[in-house]
Amino acid sequence: MNYWLFKSEPDVFSIDDLKAVASEPWDGVRNYQARNFMRDDMKKGDLGFFYHSNTKEPGIYGILKIVREGYPDHTAFDKTAKYFDPKSKKEKPTWYMVDVKFVKKFKKPVLLSEMKDMPALAEMKLLQKGNRLSVMPVDPKNFKYIESLTSSLPKT
DNA sequence: GCCAACGTTGGC
DNA sequence: GCCAACGTTGGC
């Protein structure tokens, strides 16, 4: 089982938006590395963090699950769509997406500012300088560590 | 194939 | 709003 991180701007699509739907196609990714992860590596049942970017408090707000493996992102074929890409052909699609489903929202998010101070997460891709991938793998150790932060009892 | 120019991402 | 980092584009 692999673990992932999905970035989204909460003004556009937040974890509460995901909670409100049965499942959601993760469309609009137009980066080859991210495309490869979705097309080749994500498997049904994999879990991912839901990360809020470009907002006052960037961080991980909850967990989602892959419910459909990579298939062509049809919004690339739609001239009227925001992420239309004339180079992507139906016979040979350039862009792929997966469907994801809400699993849970953390009581308190794990903020980027907090993660930066955690030695255990020093190697995490998300925290590397200049990283701009909107979809990326997360080391299972890091995934479990972060998840455990959210379920531990408050310190006395 | 190189690389400058440009556009985008995303934290601050 | 600023700007660093990065990806893409296009001229040569």
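Numbers restart at 1 for each chain; the letters A, B, ... are given by sequence-line order, proteins then strands. When reading the values below, keep in mind they use all heavy atoms of this one structure, side chains included, and skip hydrogens, waters and symmetry mates.
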Problem - A:Ser134 and A:Arg30: side chain donor to acceptor below 3.5 Å - result: no

How many whole angstroms separate atom [atom1] of [X] from atom [atom2] of [N]?
| X | N | atom1 | atom2 | value |
| --- | --- | --- | --- | --- |
| A:Leu126 | B:dG11 | CG | C1' | 11 Å |
| A:Glu9 | B:dT9 | CD | P | 7 Å |
| A:Leu111 | B:dG10 | CG | C1' | 16 Å |
| A:Asp117 | B:dG11 | CG | P | 16 Å |
| A:Tyr32 | C:dT9 | OH | C1' | 12 Å |
| A:Met136 | C:dG7 | CE | P | 12 Å |
| A:Gln128 | B:dG11 | CD | P | 14 Å |
| A:Arg35 | C:dT8 | CZ | P | 10 Å |

Practice task
Kindly confirm or rule out a cation-pi arrangement of A:Arg68 over A:Tyr71, judged by NZ or CZ under 6.0 Å from the six-membered ring centre and within 45° of its axis?
Solution key: yes

With the side chain of [X] defined as its heavy atoms from C-beta on, choose the nearest nucleotide among [options].
| X | options | result |
| --- | --- | --- |
| A:Asn31 | C:dC6, C:dG7, B:dC12 | C:dG7 |
| A:Gln33 | B:dC12, C:dC6, C:dG7 | C:dG7 |
| A:Lys87 | B:dG11, C:dT9, B:dG7 | C:dT9 |
| A:Lys129 | C:dA5, B:dC12, C:dG7 | C:dA5 |

Is any side-chain heavy atom of [X] less than 4.5 Å from a side-chain heavy atom of [Y]?
| X | Y | value |
| --- | --- | --- |
| A:Trp95 | A:Pro72 | no |
| A:Val135 | A:Lys7 | no |
| A:Lys43 | A:Ile66 | no |

Practice task
Hey, which sits more toward the 5' end of DNA chain C by its nearest nucleotide, A:Gly130 or A:Asn54?
Solution key: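 Closest to the 5' end, via its nearest nucleotide, is A:Asn54.
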
Practice task
Compare side-chain N and O positions of A:Lys7 against OP1 and OP2 of B:dT9 and report whether any pair is under 4.0 Å apart.
Solution key: no

Practice task
Could you tell me whether the phosphate oxygens of B:dG11, OP1 or OP2, come under 4.0 Å of any side-chain nitrogen or oxygen in A:Tyr51?
Solution key: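 It does, given that an N or O in the side chain of A:Tyr51 lies less than 4.0 Å from OP1 or OP2 of B:dG11.
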
